[in-house]
Number of protein chains: 2
Amino acid sequence: MGETPQKYKYSWGIEATLDVIGGKWKPLVIYQLKDGTLRFSQIMARVQPRITQRMLTKELRELEKDGLVNRKVYAQVPPKVEYSLTEKGYSLIPILDQLCDWGYEHMGDDIEFQCEE
Amino acid sequence: MGETPQKYKYSWGIEATLDVIGGKWKPLVIYQLKDGTLRFSQIMARVQPRITQRMLTKELRELEKDGLVNRKVYAQVPPKVEYSLTEKGYSLIPILDQLCDWGYEHMGDDIEFQCEE
DNA sequence: CAGAATCCGGCCGGATACTG
DNA sequence: CAGTATCCGGCCGGATTCTG
């Protein structure tokens with residue numbers, strides 16, 4: 001029945017999603033991984049010179065904890081760690097594309113963009 | 001060579017968009033306004049008891065500054081201020097819906113949702 | 001190479017009180 | 001009613017140093 005036609009609409013889903021991609025560098029990191037597996041240093045290089053090691057480590061850990069990225073450690077010296085997107089992580093790409101597009105269309109008056117190619 | 005086949009992909013657009021909707025309450029506030037104009041106290045009531053006056057004022061000011069909401073002040077006593085979405089603000093609704101859906105599908109194991117109805 | 005640890009400034013966001 | 005003003009704790013995020 002029509003009760004609570006629109007009620008409160010707290011939109012927890014939005015907050016849950018923003019909790020996951022809202023980190024300062026997270027969308028960037030996810031975007032880097034969309035084309036495949038990358039090593040820690042490779043991600044660093046692609047987001048450089050803006051992100052610090054500490055931040056990259058931290059955000060990768062959180063993304064891993066949230067089930068968006070896989071972390072594979074090779075037991076060797078020197079260390080080698082590879083990161084890739086999980087299914088869940090991949091499912092975010094279309095949304096990130098849209099966020100990027102919106103930014104491009106509505107905010108892009110004096111900044112550079114690199115959404116799609 | 002396929003010059004800069006994928007280059008860096010900084011995705012500034014994403015960051016620009018998240019700057020605008022990334023505030024803790026902003027997506028909620030925008031969502032409340034999607035059905036039409038609301039007064040300050042009405043927005044408060046809908047987001048209550050979670051947001052504070054200070055935060056609502058602050059986020060509304062930022063949304064106004066970013067051109068997402070209109071602010072109409074009635075010169076009367078007691079004061080009356082109405083908020084509504086701009087075109088730009090409305091254009092975010094589909095994206096917010098997607099963010100909400102994603103949260104619902106991927107994070108919704110033990111939280112309540114109210115995306116659409 | 002991929003981090004862990006430490007230090008630190010800033011500012012985000014909440015609580016409370018006051019005002020036109 | 002719709003704000004300001006003030007205080008304040010926490011934590012976000014950067015810089016730097018050390019390590020297996």
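To find a chain, count down the sequence lines: A is the first, B the second, and so on, and within it residues start at 1. All values reported here derive from a predicted model rather than from experimental measurement.
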A/Arg39 side chain near C/dC1 phosphate (N/O to OP1/OP2, under 4.0 Å) | no

Hey, mind stepping through A/Glu59 and A/Lys24 against salt bridge (Lys or Arg N to Asp or Glu O under 4.0 Å) and telling me if it holds?
-> CA-CA 9 Å; A/Glu59 309 241 304; A/Lys24 184 169 182 181; over 6 Å; no

For B/Glu87, look at atom CD and say whether over 12 heavy atoms of other residues, nucleotides or ligands are found less than 6.0 Å away.
-> no

Stretch residues 66-78 of chain B: residues that reach within less than 4.0 Å of DNA chain C through a heavy atom = none

From the list D/dA15, C/dC1, C/dG3, which nucleotide is the closest neighbour of the side chain of A/Val81?
-> C/dG3

Sidechain-backbone polar pair: B/Thr17 side chain, A/Leu99 backbone, donor-acceptor under 3.5 Å = yes

When only distance counts, do a donor and an acceptor, one from the side chain of B/Arg54 and one from the base of D/dG3, lie under 3.5 Å apart?
-> no

Within less than 4.0 Å of OP1 or OP2 of C/dG3, is there a side-chain N or O belonging to A/Thr57?
-> no

Which pair of heavy atoms, one from A/Leu18 and one from B/Leu18, lies closest together, and at what distance?
-> CD2-CD2, 3.9 Å

Report yes if at least one side-chain N or O of A/Lys58 is closer than 4.0 Å to OP1 or OP2 of D/dG14; otherwise report no.
-> no

Once you round it to whole Å, what is the distance between P of C/dG13 and CG of B/Leu28?
-> 12 Å

Check whether any side-chain N or O of B/Ser41 sits under 4.0 Å from OP1 or OP2 of D/dA2, and answer yes or no.
-> yes

Are any of B/Tyr83's side-chain N or O atoms less than 4.0 Å away from OP1 or OP2 of D/dG3?
-> yes

Taking only Lys NZ, Arg NE, NH1 and NH2, and the carboxylate oxygens of Asp or Glu, determine whether B/Arg50 and A/Glu15 approach each other closer than 4.0 Å.
-> yes

Distance test, side-chain N/O of B/Trp25 to OP1/OP2 of C/dG14, below 4.0 Å = yes

Between B/Thr52 and B/Glu62, whichever has its closest DNA chain C nucleotide further toward 5' is B/Glu62

Could you tell me the separation between the CD1 atom of A/Ile51 and the P atom of D/dG13, rounded to a whole number of Å?
-> 10 Å

Phosphate OP1/OP2 of C/dG3 contacted by A/Arg61 side-chain N/O (<4.0 Å) | yes

Determine whether A/Tyr74 and A/Val77 fall in the same hydrophobic cluster, where Ile, Leu, Val, Met, Phe, Trp and Tyr are linked whenever their side-chain heavy atoms lie under 4.5 Å apart.
-> no

Result for side-chain contact (heavy atoms from CB on, under 4.5 Å) between B/Arg54 and one of B/Leu56, B/Thr52, B/Ile51 points to B/Thr52

Here the pair of heavy atoms bringing B/Ser84 nearest to B/Thr37 is CB-OG1, 3.5 Å

Rounding to a whole Å, what distance do you find between A/Arg50:CZ and D/dA15:C1'?
-> 17 Å

Starting from P on C/dG3, measure out to CD on A/Glu59 and report it in whole angstrom.
-> 14 Å

Spacing between B/Glu64 atom CD and D/dA2 atom P, to the nearest angstrom | 15 Å

Protein-nucleotide distance (A/Phe40, atom CZ; D/dT19, atom C1'), rounded to Å | 15 Å

Would you mind reading off the distance between B/Met55 atom CE and D/dG10 atom C1', rounded to a whole angstrom?
-> 14 Å

Side-chain contact check for A/Gln53: nearest option of D/dG3, D/dG13, D/dT17 is D/dT17

Between P of D/dG3 and CE of B/Met44, the distance in whole Å | 11 Å

Selected nucleotide, minimal atom distance to A/Pro79 side chain, candidates C/dA4, D/dG20, C/dG14 | D/dG20

